[in-house]
Visitor: 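I have a structure here, written as structure tokens, and I will follow up with some questions on it.
Each chain gets a letter, A, B and so on, in the order its sequence line appears, and its residues count up from 1.
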Amino acid sequence: MGRKFKGMTKRSEDYPQWYQEVIKGAELAQHAPVKGCMVIRPYGYAIWENIQRQLDEMIKETGHENAYFPLFVPESFINKEKDHVEGFAPECAVVTHAGGHKLEENLYIRPTSETIIGDVYRGWIQSYRDLPLLINQWANVVRWEKRTRLFLRTSEFLWQEGHTAHETPEEAQEETLKMLEVYRSFAEDYLAMPVITGEKPAYDRFAGADHTYSIEGMMQDRKALQAGTSHNLGQNFAKAFEIKYLSREQKEEFAWTTSWGVSTRLIGGVIMTHGDDKGVVMPPKVAPLHVVIVPIARNDEDKAKVNEYLEPLVAKLKKMRYGELKLRVKVDNREALRPGPKFFEWERKGVPLRVEVGMRDVAAGNLVFARRDGGEKQTMSRDSFAENVLSLLDEIQQSIYDKALAFRKENTVELDDLNEFKAFFTPKNKKEPEIHGGFVLAHYAGCDETEKTLKELKVTVRCVPLGQDEEDGKCIVTGQPSRKKAIFSKAY
RNA sequence: CGGGGUGUAGCUCAGCCCGGUCAGAGCGCUGCGUUUGGGACGCAGAAGUCGGAGGUUCGAAUCCUCUCUCCCCGACCA
């Protein structure tokens, strides 16, 4: 009989606590000795690598090239775009000394790279023939946030940031939406995280942008997570950094620029979208491991037989590809652990398929496997498993997406009445607020007073979804005439 | 940055109120053996400047001051 083992906190009991325990239990990341920073452990970093490899392909397929710009941004650059300074300067880390001397000009550690890239683009762009300029960079950035949470908001985080320059506002807008669509499809098709695409309200725009768009996912505590943003920067940065070109009409014009990014926050999104009370659940397409095999044997003789039985299977699996990348298979041969603890560990780590093989299976030519997304253990012949493994992974990928989508639908309501709206976002038990709320789709006129009412409820306008039919309505908060609905929600 | 918590072995914590074998437990870890289809067992062992710095005291994990971390709630935000 097993000893009593403390399970992890349930999502329903304490969601933030669950989130931390899950990260720790799956060995994804830990706090670093530096405030607000994290160490991304190998198992967690592998997810990031898989995100990088596949998203990078998509970014390149849409015509972008990778480059790299400096970590340090001269203070004067940050100061050039008015809104940008106001937005970012307060949360920047600044280098004042280097090489044992005080610097003549402070160097900001990039919170984002529009300014330094703008300065470089000035030199790269002279003619309409130099446009469009389509660049992406994978980098780390630093934002000195007041309150940090592993993956969701850390002082330093990893991301990709695309920076493009165009001839016309139409082209820039097209680019902005194209990359938003890339993010949508990446989130949904790879991370199995359903998202809503839409435009941010004016007050929530990127500092220095004309339009900001985002993808918004619903986490299991029904709060929204902004999982990626795409900005149409108009000519704001072009003017600040004199990114000018000679047009087809022989006139000097400012370029139209965009920027867009997703970060390691996506990993937080994956955890909170799919995780359950046993641990994380990895979407197969970004899972560090697809299949883990636990051999079970009573003695050395059996061990040898089981391993021999497994060899051809493992060899076959390792040659396979799942999507664009190799199938990732591991045989858990650790001697010190019995099978039980191994099962629990791989469950915490969310490996999509766990295979058990013992003498029983060797004799019958079978294996036993369990899907991380649920259901009973199943027995299958060794050969059929190899034939079915890819479709099993596809099924898991699809089923966790469907589950997340169903969850979002269940927790999304359309409302026209402010009282219902308030009730929706008010916990029933104030002393111990339970998980409540969700997404509200309601008319929104975009006026400033709306913000105040929302603030009292701790609700934010997530975005005005794209592709909706316009209709006459009244803003749910102010009653002002409105043509479009917005998604309202509590958010990370 | 405000309010509230917290910090003792890798983890979970006891000890603190009433200073004096208080450096402790369980899990984990190491070695040997037995075990192995859902968190095994025996024996032996290693491991902590009690978050940090000052102070009070004959003596501080324990009392005082300052400081830092992390967590929760706010304000700020990918």
Side-chain angles (χ1 to χ4, degrees), chain A residues 1-8 14-17 19-21 24-25 27 30-38 86-92 111-112 140-161 183 200 203-204 206-207 212 214-217 224-231 259-269 278 294-300 302-303 306 332-348 354-362 366-370 377 379 432-433 455-456 458 460 491-492:
Chain A
M1 273 307 285
R3 195 182 298 108
K4 259 181 277 172
F5 231 84
K6 204 188 136 209
M8 56 181 64
D14 187 342
Y15 197 80
Q17 179 68 26
Y19 179 73
Q20 292 180 139
E21 287 179 16
K24 193 174 170 186
E27 299 182 332
Q30 67 186 59
H31 290 282
V34 182
K35 181 180 165 59
C37 293
M38 66 175 165
E86 284 173 14
F88 282 109
E91 58 180 63
C92 282
T112 177
N140 58 340
V141 289
V142 169
R143 298 180 187 177
W144 219 251
E145 302 287 354
K146 307 289 183 202
R147 198 172 153 202
T148 56
R149 302 189 71 187
L150 292 176
F151 290 116
L152 299 176
R153 185 172 294 105
T154 44
S155 299
E156 178 192 10
F157 58 92
L158 305 181
W159 76 346
Q160 59 69 218
E161 47 179 328
Y183 290 159
K200 286 288 187 185
Y203 70 86
D204 206 14
F206 175 77
T212 286
S214 69
I215 54 171
E216 303 280 335
L225 182 75
Q226 179 173 307
T229 48
S230 186
H231 316 290
S259 69
W260 26 273
V262 297
S263 71
T264 35
R265 172 181 269 195
L266 288 176
I267 297 172
K278 296 177 191 167
V294 179
I296 300 159
R298 288 166 199 282
N299 52 49
D300 288 345
D302 288 358
K303 261 178 218 168
V306 170
D332 186 352
N333 262 325
R334 287 175 295 178
E335 293 282 342
L337 292 181
R338 303 162 92 233
K342 291 181 182 177
F343 299 161
F344 284 105
E345 177 176 335
W346 296 117
E347 238 157 36
R348 283 197 301 275
R354 189 191 69 237
V355 172
E356 305 168 19
V357 173
M359 287 308 285
R360 219 154 65 195
D361 306 296
V362 173
N366 287 338
L367 53 70
V368 172
F369 72 91
K377 286 186 194 181
T379 302
E432 288 180 49
K455 217 157 206 180
E456 285 165 18
K458 296 172 198 163
T460 55
Y492 278 95

Visitor: Rounded to whole angstrom, note down the P distance from B:G42 over to B:G51.
Guide: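 32 Å, rounded to whole Å.
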Visitor: Both distances below 3.5 Å, Watson-Crick or wobble geometry, any strand: find the nucleotide opposite B:U69.
Guide: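 Base-paired to nothing in any strand shown.
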Visitor: Do we see A:Phe343 stacking on the base of B:G38, given a limit of 5.5 Å between centres and 30° between planes?
Guide: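 No; by the centre-distance and plane-angle rule, A:Phe343 does not count as stacking on B:G38.
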Visitor: Using purine N1 to pyrimidine N3 plus N6-O4 or O6-N4 for Watson-Crick, or N1-O2 and O6-N3 for G-U wobble, each under 3.5 Å, what pairs with B:C1?
Guide: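 B:G74 - that is the nucleotide pairing with B:C1, both distances being under 3.5 Å.
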Visitor: Is the positively charged end of A:Arg354 above the ring of A:Phe369, judged by distance under 6.0 angstrom from the centroid and angle within 45° of the axis?
Guide: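 Negative - A:Arg354 is either too far from the ring of A:Phe369 or too far off its axis.
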Visitor: Taking the side chain from A:Tyr183 and the backbone from A:Ser214, do they hold a donor-acceptor pair closer than 3.5 Å?
Guide: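 Answer holds: no.
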Visitor: Using centres under 5.5 Å plus planes under 30 degrees as the test, is A:Trp159 stacked with B:A78?
Guide: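 Here A:Trp159 fails the 5.5 Å or the 30° condition.
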Visitor: Could you please name the option among B:C11, B:A78, B:G37 that lies closest to any side-chain atom of A:Gln226?
Guide: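 Nearest to the side chain of A:Gln226 among the choices is B:A78.
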Visitor: Would you state whether a donor and an acceptor, one from the side chain of A:Glu345 and one from the base of B:G39, lie under 3.5 Å apart?
Guide: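 Under the 3.5 Å cut-off, the side chain and the base do not form any donor-acceptor pair.
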Visitor: Can you tell me which nucleotide in B:G38, B:C72, B:U36 comes closest to the side chain of A:Phe344?
Guide: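 For the A:Phe344 side chain, the nearest candidate turns out to be B:G38.
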Visitor: Starting the side chain at C-beta, find the nucleotide from B:A40, B:C11, B:C76 nearest to A:Lys24.
Guide: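 Side chain of A:Lys24 sits closest to B:C11.
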Visitor: Distance check needed: B:G28 P versus A:Arg348 CZ, whole Å only.
Guide: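 My rounded result for the distance is 12 Å.
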Visitor: How many whole angstroms separate atom CZ of A:Arg149 from atom C1' of B:C70?
Guide: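 Value for this atom pair: 13 Å.
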Visitor: If B:A60 has a Watson-Crick or G-U wobble mate with both distances under 3.5 Å, name it; if not, just say none.
Guide: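 Because no pair has both required distances under 3.5 Å, B:A60 counts as unpaired.
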Visitor: With the side chain of A:Lys146 defined as its heavy atoms from C-beta on, choose the nearest nucleotide among B:A78, B:A75, B:G74.
Guide: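 The answer is B:A75, which lies nearest to the side chain.
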Visitor: Rounded to whole Å, how long is the line connecting atom OH of A:Tyr19 with atom C1' of B:C72?
Guide: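 Going from OH in A:Tyr19 over to C1' in B:C72 covers 16 Å.
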Visitor: Would you find more than 12 non-hydrogen atoms of other residues, nucleotides or ligands less than 6.0 Å from A:Arg334 atom CZ?
Guide: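 Atom CZ in A:Arg334 is packed in, count exceeds 12.
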Visitor: Taking only the C1' atom of each, what is the distance from B:C50 to B:G33 in whole angstrom?
Guide: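 Taking atom C1' in both B:C50 and B:G33, they lie 36 Å apart.
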Visitor: Just compare B:C71, B:U36, B:A40 and give me whichever is closest to any side-chain atom of A:Arg298.
Guide: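 The listed nucleotide nearest to A:Arg298's side chain is B:U36.
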Visitor: Quick check for you: among B:G37, B:C70, B:C71, whose closest atom lies nearest to any side-chain atom of A:Gln20?
Guide: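 Nearest to the side chain of A:Gln20 among the choices is B:C71.
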Visitor: Between A:Phe151 and A:Lys342, which is nearer to the 5' end of RNA chain B once each is assigned its nearest nucleotide?
Guide: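 Taking each residue's closest nucleotide, the earlier one in sequence belongs to A:Lys342.
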Visitor: Within a radius of less than 6.0 Å around NZ of A:Lys303, do more than 12 heavy atoms belonging to other residues, nucleotides or ligands occur?
Guide: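 More than 12 heavy atoms, drawn from other residues, nucleotides or ligands, come within 6.0 Å of this atom.
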Visitor: So does A:Arg338 get a side-chain nitrogen or oxygen closer than 4.0 Å to the phosphate oxygens (OP1/OP2) of B:A40?
Guide: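 So the side chain of A:Arg338 is within the cut-off, an N or O lying under 4.0 Å from OP1 or OP2 of B:A40.
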Visitor: Using heavy-atom distances to pick each residue's nearest nucleotide on RNA chain B, tell me which of A:His31 and A:Arg265 is more 5'.
Guide: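 It is A:His31, whose closest nucleotide lies nearer the 5' terminus.
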Visitor: Which is true for A:Thr154 with a 4.0 Å heavy-atom rule: it touches a base, it touches only sugar-phosphate, or it touches nothing?
Guide: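 Base contact.
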Visitor: Quick check for you: among B:U12, B:G74, B:G38, whose closest atom lies nearest to any side-chain atom of A:Arg147?
Guide: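 Between B:U12, B:G74, B:G38, the one nearest the side chain of A:Arg147 would be B:G74.
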Visitor: For B:U30, give the paired nucleotide (Watson-Crick: N1-N3 plus N6-O4 or O6-N4; G-U: N1-O2 and O6-N3; both under 3.5 Å), or none.
Guide: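 Pairing partner, where one exists within any strand: B:A44.
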Visitor: For the pair A:His231 and A:Phe206, name the ring-plane relationship: parallel under 30°, tilted 30 to 60°, perpendicular over 60°.
Guide: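 Ring orientation of A:His231 relative to A:Phe206: parallel.
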Visitor: Using a 4.0 Å heavy-atom cut-off across all strands, classify A:Lys455 as base, sugar-phosphate, or nothing.
Guide: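 A:Lys455: backbone/sugar contact only, no base atoms under 4.0 Å.
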